[in-house]
Amino acid sequence: PSLCDLTRFVPDPSKPAAVVTGSVLSRAAQENLAEFLNRGGRLMIGPELPVLDEELRPCRILADAAGISPEQLSRERGTLDMDGVPNIMPETAPVSIRRENGHAVSALFPAGKGQVLWNGFGWSHGRHEHNDALERLLGALGVCPRISKSDRNLFAVVHAAKDGLLLFVLNLYSAPL
């Protein structure tokens with residue numbers, strides 16, 4: 001994974017991008033993400049669809065590029081109750097991941113030459129089920145895990161350095177491995 005300033009750069013379309021979004025996202029960032037999609041990028045966004053710019057003016061550049069209507073999200077929705085907070089998800093999305101009760105959790109939309117995976121719910125990493133869901137959602141964008149671990153409570157990240165790869169492992173718990 002890498003970070004980039006979406007107001008200044010268009011992400012590399014050969015790599016999927018994940019962006020946590022609220023209702024406000026700068027005009028420049030929306031323009032760059034729209035260009036990313038037009039170049040064939042795969043984008044995961046959520047839990048909200050940005051419809052305002054940094055000056056709180058209406059700005060639907062990303063929504064229009066993704067082909068997602070804010071009106072659709074508010075009118076046709078399923079709910080996913082995570083930690084007691086209901087969230088929205090379009091029932092009419094072309095491809096969706098649903099819970100056993102039939103409520104939509106996430107949907108994959110074609111956008112430009114790329115794809116948008118929109119998640120209408122918040123994340124809580126206090127549950128392994130949410131990590132499992134994230135792996136599944138990223139898999140829909142063609143992302144495969146680069147490492148595996150036997151202890152789910154460990155955090156592990158591979159970082160590419162000049163001389164090779166570095167593996168960072170973090171155990172946040174006081175219990176022995």
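Rounding to the nearest 0.5 Å places CG of Leu108 at 11.0 Å from CZ of Arg42.
Linking Ile, Leu, Val, Met, Phe, Trp and Tyr residues whenever their side-chain heavy atoms come within less than 4.5 Å places Val169 and Val158 in a single cluster. Residues Leu170 and Leu166 fall into different hydrophobic clusters, defined by Ile, Leu, Val, Met, Phe, Trp and Tyr side chains chained together at heavy-atom separations under 4.5 Å.
With contacts defined as side-chain heavy-atom distances shorter than 4.5 Å, the pair Leu37/Leu62 qualifies.
For the pairing with Ser26, the side-chain contact (heavy atoms from CB on, under 4.5 Å) check across Leu52, Thr7, Asp53, Asn32 returns one residue only, Thr7.
A donor-acceptor pair under 3.5 Å is absent between the side-chain atoms of Ser23 and the main chain of Val51, judged by distance alone. Under a 3.5 Å cut-off, the side chain of Glu54 and the backbone N or O of Arg27 do form a donor-acceptor pair.
The two atoms that bring Ala34 and Ala65 nearest to each other are CB-CB, 3.5 Å, heavy atoms only. Shortest non-hydrogen contact noted between Ile61 and Gln30 is N-OE1, 3.2 Å. Taking both residues in full, the closest heavy atoms of Phe168 and His159 are given as CE1-CB, 3.7 Å, listed atom of the first, atom of the second, then distance. Contact record, Ala111 with Ala66: CB-CA, 3.7 Å, taken as the closest heavy-atom pair.
Counting heavy-atom neighbours within 6.0 Å of Arg8 CZ, excluding the residue itself, gives a total of 12 or less.
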Inset, instruction - Evaluate the side chain to side chain contact (heavy atoms under 4.5 Å, CB included) criterion for residues Arg39 and Lys113: first the C-alpha distance (whole Å), next the side-chain angles of each, then the deciding distance (0.1 Å), finally the verdict. - result: CA-CA 6 Å; Arg39 293 181 184 177; Lys113 294 179 183 175; over 6 Å; no
